[in-house]
Q: 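My questions will all concern the structure given below.
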Amino acid sequence: MRAPGWGPAGRLLAVPVLLTAALLLAACGPKATEHATVQDARAAGVFERGRLPDVLPASGALIRIEAEADDGAYFHFSSADYAPLVARLVPLAQLPADPVLQSWVKRKDLAGYTPYEFRTSDTRWLLLCAQSKGRCFVRAF
């Protein structure tokens with residue numbers, strides 16, 4: 001005797017149930033965090049926890065930090081703050097060894113972003129910034 005519900009109709013019913021469960025579990029995963037201003041990010045401990053380098057200009061806004069550290073972050077800023085920002089950074093002399101990062105840097109370069117790096121005592125940061133767009137993308141590497 002077969003267990004009830006596992007015939008062809010039962011299997012068809014199981015597919016949407018399993019897909020729904022998978023989507024619900026995926027929605028429960030880590031989420032990106034967003035901060036309206038640098039002050040909000042500072043209050044949330046973003047810099048102390050090493051999620052971003054502490055070089056964002058005071059005009060930094062619309063800051064988004066992806067849930068996975070490898071996915072990086074980005075922030076917007078006033079184009080007037082571009083020169084003081086990049087004065088704290090070093091032009092990227094050599095592409096990272098990671099092919100994924102190399103591809104990312106090349107794509108952003110074609111889109112008008114200039115690659116920079118910033119080092120803290122324990123982290124090397126890659127920043128791709130564009131004055132005309134008033135935005136920087138950031139990843140630790």
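When a residue number appears, it is its place in the shown sequence, counting from 1. This one's a predicted model, so the numbers in the text were calculated from it and none came from an experiment.
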Q: Do the side chains of L127 and V55 get nearer than 4.5 Å, heavy atoms only?
A: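 They are in contact (side-chain heavy atoms under 4.5 Å apart), so the answer is yes.
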Q: For R139 and W104: C-alpha separation, side-chain torsions, deciding distance, then whether side-chain contact (heavy atoms from CB on, under 4.5 Å) applies.
A: CA-CA 10 Å; R139 282 190 183 176; W104 184 63; 3.7 Å; yes
Q: Backbone N or O of L56 within a donor-acceptor pair of the R88 side chain at under 3.5 Å?
A: no
Q: Could you state the interatomic distance from SG (C136) to CZ (F118), rounded to the nearest 0.5 Å?
A: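 Answer rounded to 0.5 Å: 12.5 Å.
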Q: Compare every heavy atom of K133 with every heavy atom of A111, then report the nearest pair and how far apart it is.
A: O-CE, 2.9 Å
Q: Y116: which residues meet the ring pair (Phe, Tyr, Trp, His ring centres under 6.0 Å) condition with it, sequence neighbours left out?
A: none
Q: Can you check whether I65 reaches H35 side chain to side chain, under 4.5 Å on heavy atoms?
A: yes
Q: When you look at T37 and S59, which way does the side-chain contact (heavy atoms from CB on, under 4.5 Å) test go after all the steps?
A: CA-CA 7 Å; T37 66; S59 66; over 6 Å; no
Q: Is there a continuous path of hydrophobic side-chain contacts, each under 4.5 Å between heavy atoms, that joins Y74 to V105?
A: yes
Q: Only counting residues at least two apart or in another chain, list the ones meeting salt bridge (charged side-chain N to carboxylate O under 4.0 Å, His left out) with R119.
A: E117
Q: Just so I know, are the side chains of T114 and C129 near enough to count as touching, which here means a heavy-atom distance under 4.5 Å?
A: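 A side-chain contact under 4.5 Å is absent here.
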Q: Distance-only check: which donor-acceptor pairs under 3.5 Å involve side-chain atoms of residues 41-49, not counting sequence neighbours?
A:
| unit_1 | atom_1 | unit_2 | atom_2 | d |
| --- | --- | --- | --- | --- |
| R42 | NH1 | D54 | OD1 | 3.3 |
| R42 | NH1 | D54 | OD2 | 3.1 |
| R42 | NH2 | D54 | OD1 | 3.0 |
| R49 | NH1 | A44 | O | 2.6 |

Q: For Q39 and A58, which heavy atoms make the closest approach, and how far apart are they?
A: NE2-O, 4.1 Å
Q: Do R135 and F77 form a cation-pi contact, if we require the NZ or CZ to be under 6.0 Å from the six-membered ring centre and within 45 degrees of the ring's axis?
A: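 Because its charged atom misses either the 6.0 Å distance or the 45° angle limit, R135 does not stack over F77.
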Q: With clusters defined by side-chain heavy atoms of hydrophobic residues (ILVMFWY) lying less than 4.5 Å apart, directly or transitively, does V38 cluster with W125?
A: yes
Q: Rounded to the nearest 0.5 Å, how far apart are CG of D71 and CZ of R64?
A: 10.0 Å
Q: Honestly curious: do L52 and F137 fall in one hydrophobic cluster under the side-chain, below-4.5 Å linking rule?
A: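 Result: no, two separate clusters.
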Q: With rounding to the nearest 0.5 angstrom, report the CD to CZ distance, E66 to R51.
A: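 Output value for this atom pair is 9.0 Å.
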Q: Group every Ile, Leu, Val, Met, Phe, Trp and Tyr by side-chain heavy-atom contacts under 4.5 Å, then state whether L89 and L126 land in the same group.
A: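 The answer is no; the residues belong to distinct hydrophobic clusters.
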Q: Decide yes or no for F75 and L62: does some side-chain heavy atom of the first lie under 4.5 Å from some side-chain heavy atom of the second?
A: no
Q: Starting from the C-alpha separation in whole Å, work towards a yes-or-no answer on side-chain contact (heavy atoms from CB on, under 4.5 Å) for L85 and Q131.
A: CA-CA 10 Å; L85 170 63; Q131 180 177 13; over 6 Å; no
Q: If Ile, Leu, Val, Met, Phe, Trp and Tyr residues are connected whenever their side-chain heavy atoms lie under 4.5 Å apart, and connections chain through other members, are Y113 and L95 in the same group?
A: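 Yes, because Y113 and L95 connect within a single hydrophobic cluster, where side-chain heavy atoms sit under 4.5 Å apart.
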Q: Starting from the C-alpha separation in whole Å, work towards a yes-or-no answer on side-chain contact (heavy atoms from CB on, under 4.5 Å) for I63 and E34.
A: CA-CA 6 Å; I63 302 160; E34 296 180 351; over 6 Å; no
